[in-house]
Amino acid sequence: MKRVAEILVVEDFTGKTHVSEKDIRELVSSLSNVDMIRVNRLHVPQWEGESEVVGIHLIVREVAET
């Protein structure tokens, strides 16, 4: 089994919620015991409200090799 870390960066097009490359690099450097890291960016038209959707999300999972 491989451990895969997937980082999802969610931003909106207004630019108010920009996630810096420094924040992403810090998260990547703090990861240990993972075999692969994937970084994906998602831009939503505009996000209003108190939800925690916009920002950086991390998922670590084990994947069977085929």
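Worth saying up front: this structure is predicted, and the values here are computed from it rather than measured.
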Exercise. Kindly state each residue pair satisfying side chain to side chain donor-acceptor pair (under 3.5 Å) with at least one member in residues 29-41, sequence neighbours excluded.
Key: Glu6-Arg38, Glu11-Arg41, Glu21-Arg41
Quiz item: Got a sec, which hydrophobics cluster with Val60, joining ILVMFWY side chains under 4.5 Å apart, including via others?
Solution: Ile7, Val9, Val19, Ile24, Leu27, Val28, Leu31, Val34, Ile37, Val39, Ile56, Leu58
Quiz item: Do Leu8 and Leu42 come within less than 4.5 Å of each other through their side chains, counting heavy atoms only?
Solution: yes
Quiz item: Who passes side-chain contact (heavy atoms from CB on, under 4.5 Å) against Val63, sequence neighbours left out?
Solution: Val4, Arg61
